Amino acid sequence: MLQTTRIKQLIHNGVLIPTYEPQSFTIRYKGKELSLTPEQEEIAVAWVKKLGTDYVKDPVFARNFVENFSKTLGVETNSKIEDFDFSEIQRWVEQEKIKKENMSREERKALAEARKKIREANKEKYGYAVLNGERVEIGYTVEPPSIFMGRGKHPFRGRWKPRVGYGDIILNLSPDVPTPTPPDGKHWKERVFDPNAMWIAKWQDKLGGEIKYLWIADTARFKQEREIEKFNKARELNEFVERIRQHIKEGLFSEDITQRKIATVSYLIDNLKMRVGDEKDKDEADTVGAVTLRGTHIKIDPSGQVKFDFLGKDSVKWVRVIRPPTQVVSNLNSFIGKPRAPIFSGVRSEHVNAFLGQVMPGLTAKVFRTYHASKSVKEYLANSKILPKDSDFEKKYVAKMANLEAAITCHHKRKLPKNWKESLKNKVNKLKTLKAKLNEVKEKSRSSSRAKRIKSFQERIRTARLNVNLTKTTRDYNLGTSLKSYIDPRLYVKWAREVSYDWKKIYPKTLQRKFAWAEDR
DNA sequence: TTCGTGACTTAGAAAGCCGGAC
DNA sequence: GTCCGGCTTTCTAAGTCACGAA
């Protein structure tokens, strides 16, 4: 990995571990009252807070929880959720909710104020580091214990992810500073200095075993250098893309079956913007990407039409029908074996990346997604025909629609928001009302301001119409991920300048800061 | 060359907050 | 002035990829 800046100095105050206030609750197990240790209570409260969600209706989620909780309590691990009576905790949770709902405006405000104060104090204490003499923002809150909320059919969903203690945490600090003091008598696991690393602290997750980190924030210049490199790499692909495609085309016809497989995978990555899809553990949800596709995920009909149907990252359903070149179809046909067998067996991401790197040094699979997403935005903006004299709303609309193009390109789906339908209806009604009012003015008004009023209505109608369109077209797409991670911000900055629009209106506050570098490039 | 895993990036859901409609 | 919908932020899971060891 390219390392532009080495860290010589890294100073910070350690990390914040959220605490839990035990309330001395009891529960009933098979009718018998049990008092709980603070940890047991924390687990029980977490469960009660999930009641009423779809998660607890999932039998695996519930079974995993019960098995885990029973073990912690020392009761039979084959207990059922019905064996537990959490009503005391439920009552408390309910009361807290009612208390909050009945609060006066002032009380609510005061509470929010107090929360903010604590948040700011914590941020002041832990939220900054000195990195090579520069004050930068850092992540500082350690994950609190919680019920594991794996996506899709993750086999661990519902299990308890235990508390992380000071003794679990490794701090990254340069040698020239003292170790931050943990609370009374506690000790850090270790203190190290890695001048090439971007992490502040790390620990091993006790449930899944993976390493978790706290990072230098996106607002830090140090972090932004990486970001710039990423987008520059995607720009570079623009120069190489025809040569890459030629390379892929030749590979599709290779004598060597592995080469043919790698080239076919590369074709999918470039054309369908698929992720490469490395091998996963059995202890995870069964999702795939290009190299891990199995026979069941592809249907080829005799006409040469190919249908892909699988679960991708985060168990998002991915369905596409394409009509690829005949060589791709015949390759796929020859690779597909048993339904459950991997189509591209023997091929992993490292092979794909090595193959791509033969044409453009440093090119990897994921660069294609950045390249295609940014390209779709660039083209949408270029074709938009927006002029400086157009309204801010129209400019914002075009920026959003370009963003949508990127989200579609990357297949960033979301589940339909609960009130989506109603929200759309409201917007449609609003449009109708405006139209009716316009007609009324046209028919009845004789006043001197008639023309002016008509014009104003026409403008409002145009805005309302765009608003309806936006709600309809963005429907089940999540625009945030592409805006944050895939669209080269320089594209928006440049376009905004051309149409006299403030580029900052395209981004929320945090992203404006993350992309501050784009302004002068 | 493969394999395991540490480091870093990308991801959607949910919480939280804020400003526009009434 | 208030309320609530929707946007923003937070949270942490789930990817990618490089690297070291066998």
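Quick caveat, the model's predicted, so the values are computed rather than measured. Any value given below was found using the heavy atoms of this structure, including those in side chains, with hydrogens, waters and symmetry copies removed.
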Taking only side-chain nitrogens and oxygens of [X], does any of them come within less than 4.0 Å of OP1 or OP2 of [N]?
{"X": "A/Y507", "N": "C/dT9", "answer": "no"}
{"X": "A/K413", "N": "B/dG12", "answer": "no"}
{"X": "A/Y486", "N": "B/dA11", "answer": "yes"}
{"X": "A/N419", "N": "C/dG6", "answer": "yes"}
{"X": "A/T287", "N": "C/dG15", "answer": "yes"}
{"X": "A/S485", "N": "B/dT9", "answer": "no"}
{"X": "A/H351", "N": "B/dT2", "answer": "yes"}
{"X": "A/K212", "N": "C/dA13", "answer": "yes"}
{"X": "A/R151", "N": "B/dA13", "answer": "no"}
{"X": "A/R369", "N": "C/dT16", "answer": "no"}
{"X": "A/K415", "N": "B/dA14", "answer": "yes"}
{"X": "A/K202", "N": "B/dA7", "answer": "yes"}

Heavy atoms under 4.0 Å, any strand shown: does [X] hit a base, just sugar-phosphate, or nothing?
{"X": "A/S146", "answer": "nothing"}
{"X": "A/K161", "answer": "sugar-phosphate"}
{"X": "A/R157", "answer": "nothing"}

Practice item. Could you tell me the separation between the CG atom of A/D314 and the P atom of C/dT16, rounded to a whole number of Å? Key: 11 Å
**Study point:** Spacing of A/D286 atom CG relative to C/dA14 atom P, expressed in whole Å
**Key:** 13 Å
Check your understanding: Can any side-chain N or O of A/D476 pair as donor or acceptor with the backbone N or O of A/K415 at less than 3.5 Å?
Key ->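 Absent.
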When you measure from the side chain of [X], which nucleotide among [options] comes out closest?
{"X": "A/R414", "options": "B/dA7, B/dA13, C/dA13", "answer": "B/dA13"}
{"X": "A/W215", "options": "B/dT9, C/dG15, C/dT9", "answer": "B/dT9"}
{"X": "A/K366", "options": "B/dC8, C/dC17, C/dT9", "answer": "C/dC17"}
{"X": "A/T364", "options": "C/dA14, C/dC17, C/dG6", "answer": "C/dC17"}

Exercise for review: Ignoring hydrogens and angles, answer whether the base of C/dG15 and the side-chain atoms of A/R275 contain a donor-acceptor pair closer than 3.5 Å.
Suggested key: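 No such pair is found, so the answer is no.
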Check your understanding: Side-chain donor or acceptor of A/K313 under 3.5 Å from a matching atom on the base of B/dT10?
Key -> yes
**Study point:** Identified side chain to side chain donor-acceptor pair (under 3.5 Å) partner of A/T287 from the options A/K280, A/H154, A/R151
**Key:**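 Filter result, single survivor: A/K280.
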Point to revise | Centroid-centroid distance, A/H12 to A/Y140, less than 6.0 Å | key: no
Check your understanding: Salt-bridged, A/E42 to A/K161, with N to O below 4.0 Å?
Key ->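 Looking at A/K161 together with A/E42, the answer is no, because their closest N to O distance does not fall below 4.0 Å.
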Practice item. Kindly compute the distance separating CD (A/E210) from CG (A/D205), expressed to the nearest 0.5 Å. Key: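 These two atoms lie 4.5 Å from each other.
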Exercise for review: Establish, for the pair A/R475 and A/W420, whether the NZ or CZ atom is under 6.0 angstrom from the six-membered ring centre and no further than 45 degrees off its axis.
Suggested key: yes
